[in-house]
Amino acid sequence: MSSPSSTEPRLRNVLTIAGSDPSGGAGIQADLKTFSALGTYGTSVITALTVQNTCGVAAVYPVSPQAIRQQLEHLLSDVTIDAVKIGMVASRDVAEVIADVLRQQRPRWIVLDPVMVAKSGDILVDDAGIRAVKDILVPLADVITPNLPEAAVLLDSPPPASLDDMEALLPKLVALGAPYVVLKGGHLRGDTCPDLLATPHGHQWLPASRIATENLHGTGCALSSAIAACLAKLPEAADAAAPEQAITEAKQWLYDALAASHRLSVGKGRGPVHHFHAWW
């Protein structure tokens, strides 16, 4: 068997730290599909087992902090991880374990999807969990991707209801410590679905038209994992604008995955996006 050429670029490894979704539309299953679709190798550390389908979540069984630590340490002792995506973290103990291990063996990029609010509007974590995400994980991350309800929870403020509200809220999110913030505008009403991106060099709107679909299961997971994959592929000597381009590439990929979601037939509720729309 021949070995890869020394001049051949190394394929990037990306890690998802998240819960499991049996329906495959969200959580680690969606993240791994996203990593693969975008040309990276996916690895995973499971933080919770969920009982769910496209119609909703029936139960959540958290994995112990000790087991999460062991998964992380054993993986990172062997595999070079170029980027990590962190999903829902429901307790302070888990947040502290993740932060402790990643500080010791930090990947080049850390993307945090602060999953705290369900599509129904229900708060998924308690006050201690919210404070842990805000105080421990946000400052650790390079990129955070809150939607409008999650941004409101992080800042203990009303959800933004307009583009002006989003612009007013953005500096407060940046002040939490992550250099890149993708404030997702999907909860706004109207025919457009704009996201607001903050970078160390300023901010810009990432416009998109709204796709008429109910297949929204796991869109937040897909976007954050797509950002992690696109960042992982950046060369070491990438210029200052490269992270913005990676985030824009990830958003376009998700738009195309949403547009192709009608080709799937998964469940009776909110279906998933089509992660492999470019392939089949």
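This one's a predicted model, so the numbers in the text were calculated from it and none came from an experiment.
- Applying the salt bridge (Lys or Arg N to Asp or Glu O under 4.0 Å) test to every pair with at least one member in residues 154-168, sequence neighbours left out, gives no pairs at all.
- Residues forming a side-chain contact (heavy atoms from CB on, under 4.5 Å) with Gln29 (at least two apart in sequence, or on another chain): Ser20, Asp21.
- Asp78 is linked by a side-chain contact (heavy atoms from CB on, under 4.5 Å) to nothing, counting only residues two or more places apart in sequence or in another chain.
- For residues 230-268, the set of pairs meeting the ring-ring contact (aromatic ring centres under 6.0 Å, His included) definition, not counting sequence neighbours, comprises Trp253-His277.
- Contact check on Glu96 versus Arg103 returns no salt bridge, with no Lys/Arg side-chain nitrogen under 4.0 Å from an Asp/Glu carboxylate oxygen.
- Every residue meeting the salt bridge (charged side-chain N to carboxylate O under 4.0 Å, His left out) condition with Asp100, not counting sequence neighbours, appears here in chain and number order: Arg69.
- Qualifying salt bridge (charged side-chain N to carboxylate O under 4.0 Å, His left out) partners for Glu244, counting only residues two or more places apart in sequence or in other chains: none.
- Contact of the His274 side chain with the Asn215 side chain is not registered, since no non-hydrogen atoms from C-beta on lie closer than 4.5 Å.
- Connectivity analysis of hydrophobic side chains (ILVMFWY, heavy atoms under 4.5 Å, direct or indirect) links Leu32 to Val14, Phe35.
- Judged as a side chain to side chain donor-acceptor pair (under 3.5 Å), and not counting sequence neighbours, the contacts of Asp195 are Lys251.
- Not a single ring pair (Phe, Tyr, Trp, His ring centres under 6.0 Å) links Trp109 to another residue, sequence neighbours left out.
- Here Gln52 pairs with Thr50 under the side chain to side chain donor-acceptor pair (under 3.5 Å) rule; sequence neighbours left out.
- Applying the side chain to side chain donor-acceptor pair (under 3.5 Å) test to Ser44 and every residue at least two apart in sequence or in another chain returns nothing.
- Every residue two or more places apart in sequence or in another chain was checked for a side chain to side chain donor-acceptor pair (under 3.5 Å) with Arg108, and none qualifies.
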